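The structure under discussion appears below in the form of structure tokens.
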Amino acid sequence: MATAARPRAGVDEGVGPTALMVAAARAIETHRPDALARDAHAEHFVRAARSSAHWPVHPRDVPDGEADPLWGRLGRYFALRTRALDDQLLWSAHLGVRQVVLLGAGLDTRAFRLDWPADLAVFEVDRPEVLAFKQRVLDRLDARPAARRVPVAADLRGDWADALTAAGFQPAEPTAWLAEGLLPYLPAAAEQRLAAAVDRLGAAGSTLAYEARLGPESAAVRDSPVYTTARERLGVDLLALFDAGPRPDTTADLTARGWSTTVHTPFDFTRHYGRGPRPEPHDAFAADRWVFATR
Ligand code: SAM
């Protein structure tokens, strides 16, 4: 990696470090012999940010391996989610979709990693600070996307749809939308507005994949090792970052709007791919649902 000065803070605050956590998980996964996904850029993001510069980026940095609650179990959860959604997006492209919108893109490098049709556009929506940090690291690496990549700086709690269309998004074309690791951080009203905007901008043939968390969680789940290790080792308090209010039923909302939905647990994908987290008592992942909607 180049040894230029680290980019200024921005990804180090608020919910930004959660994007670094997913990047670190992908960096570690990249070096596993049975990797579900490989991301050559991930470790560069982790090393470039002040808050994550010392985090693990390789399985040899994780002495307990898969038994480690943070980089073993949560890390493999992120890798499984990455792979399942890679496959879903590539399938949409295979069916002819030529626009992908990553809502809360964070340090996602799908625009670079995946084998896209040459005429496909990937819109990456996130906070300006996160996208600026990402761009500085990518520039330093001289990274070249495999699709037309369009960063869109916007707050997803506000009116982000105008920024997306101003960036060249075509509402009349079918789109593969993705909200991966985003909705739990948004207030319920913002999630409802997001679903309404996707419905408004989602032409026939569009898909939406998202991760939702059922709540509220029991005290035993809130004390589970996934949460406590992230807080104690990284200073990332996921439970404090998640929106504390009741969650909306976005699946019912989309169904009422005419979308077809299928709801899975992460464990369905552990079975499908043959690796990933398996259920355990007081499991933080038991509240997760991965929802696939089609118009
Ligand atoms: N989807 C990416 C992935 O899986 O690698 C990133 C997931 S990360 C856990 C959550 C991302 O959502 C962060 O990049 C954060 O900046 C973004 N995010 C959270 N709230 C947001 C908001 N109100 N507006 C824009 N982005 C937001």
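Scope of the values below: all heavy atoms of this structure, side chains included, with no hydrogens, waters or symmetry mates. Start at 1 and go down the list; that is how both ligands and their atoms are numbered. Just so we're clear, the structure is a prediction, and the values are computed from it rather than from any experiment.
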Would you call K134 and E124 a salt bridge, taking side-chain N to carboxylate O under 4.0 Å as the test? yes

Looking only at heavy atoms, is any part of T82 under 4.0 Å from ligand 1, and if so is it the side chain, the backbone, or both, or is it neither? neither

Nearest heavy atom to atom 6 (C) of ligand 1: which of P187, G14, G104 does it belong to? G104

Charged N to carboxylate O under 4.0 angstrom, R110 versus D108? yes

Parallel, tilted or perpendicular, judged at 30° and 60°: which one describes the rings of Y273 and F269? parallel

Can a salt bridge be assigned to the pair R271 and D268 using a cut-off of 4.0 Å between side-chain N and carboxylate O? yes

Which atoms of ligand 1 are found less than 4.0 Å from any heavy atom of L186? 23 (N)

Below 4.0 angstrom from a heavy atom of R157, which ligand 1 atoms are there? Numbered from 1 as shown, please. 23 (N)

Top protein contact for atom 8 (S) of ligand 1, by heavy-atom distance: T18 OG1, 3.4 Å

Parallel, tilted or perpendicular: ring planes of Y77 versus F285, cut at 30 and 60 degrees: parallel

D86/R113 salt bridge by N-O under 4.0 Å criterion: yes

Test of understanding: given a 4.0 Å heavy-atom threshold, classify the contact between L156 and ligand 1 as side chain, backbone, both, or neither. both

Would you call E211-R289 a salt bridge at under 4.0 Å N-O? no

How are the rings of Y227 and F242 set to each other: parallel, tilted or perpendicular (split at 30° and 60°)? perpendicular

Closer than 4.0 Å to some heavy atom of A19 - which atoms of ligand 1 meet that? 8 (S), 14 (O)

Where on L182 is there a heavy atom closer than 4.0 Å to ligand 1, on the side chain, on the backbone, on both, or on neither? side chain

So is D126 polar-close to ligand 1, meaning N/O to N/O under 3.5 Å? yes

Determine whether Q192 and T250 satisfy the following criterion, side chain to side chain donor-acceptor pair (under 3.5 Å), listing intermediate values before the conclusion. CA-CA 7 Å; Q192 287 167 324; T250 294; over 6 Å; no

Nearest neighbour of atom 7 (C) of ligand 1 from the list E124, R110, E180, on a heavy-atom basis: E180

Decide whether the shortest distance between a heavy atom of M21 and an atom of ligand 1 is less than 4.0 Å. no

4.0 Å heavy-atom contact, V125 with ligand 1: no

Among protein heavy atoms, which sits nearest to atom 10 (C) of ligand 1, and what does the distance come to when rounded to 0.1 Å? G181 O, 3.3 Å

Contact between ligand 1 and L107 is defined here as a heavy atom of the residue under 4.0 Å from a ligand atom; is it met? no

Please could you name the atoms of ligand 1 that R81 approaches to less than 4.0 Å, counting only its heavy atoms? 4 (O)

If the contact criterion is a heavy-atom separation under 4.0 Å, does A105 count as touching ligand 1? yes

List the closest protein heavy-atom neighbour of atom 19 (C) of ligand 1: residue, atom name, distance to the nearest 0.1 Å. V15 CG1, 3.5 Å

Between A154 and ligand 1, which residue portion shows a heavy-atom distance shorter than 4.0 Å: side chain, backbone, both, or neither? backbone

Go through the steps to decide whether Y210 and T261 satisfy the test side chain to side chain donor-acceptor pair (under 3.5 Å), and finish with yes or no. CA-CA 11 Å; Y210 62 94; T261 57; over 6 Å; no

Under 4.0 Å, counting heavy atoms only: does R26 come that close to any atom of ligand 1? yes

State plainly whether the residues R98 and E173 are in salt-bridge range, i.e. N to O under 4.0 Å. no

If we number the atoms of ligand 1 from 1 as shown, the ones under 4.0 Å from a heavy atom of D155 are 22 (C), 23 (N), 24 (N)

V130 heavy atoms, cut-off 4.0 Å: which ligand 1 atoms fall inside? 16 (O)

Quick one: do E29 and R32 make a salt bridge, cutoff under 4.0 Å? yes

Under 4.0 Å between a Lys/Arg side-chain N and an Asp/Glu carboxylate O for R73 and E66? no

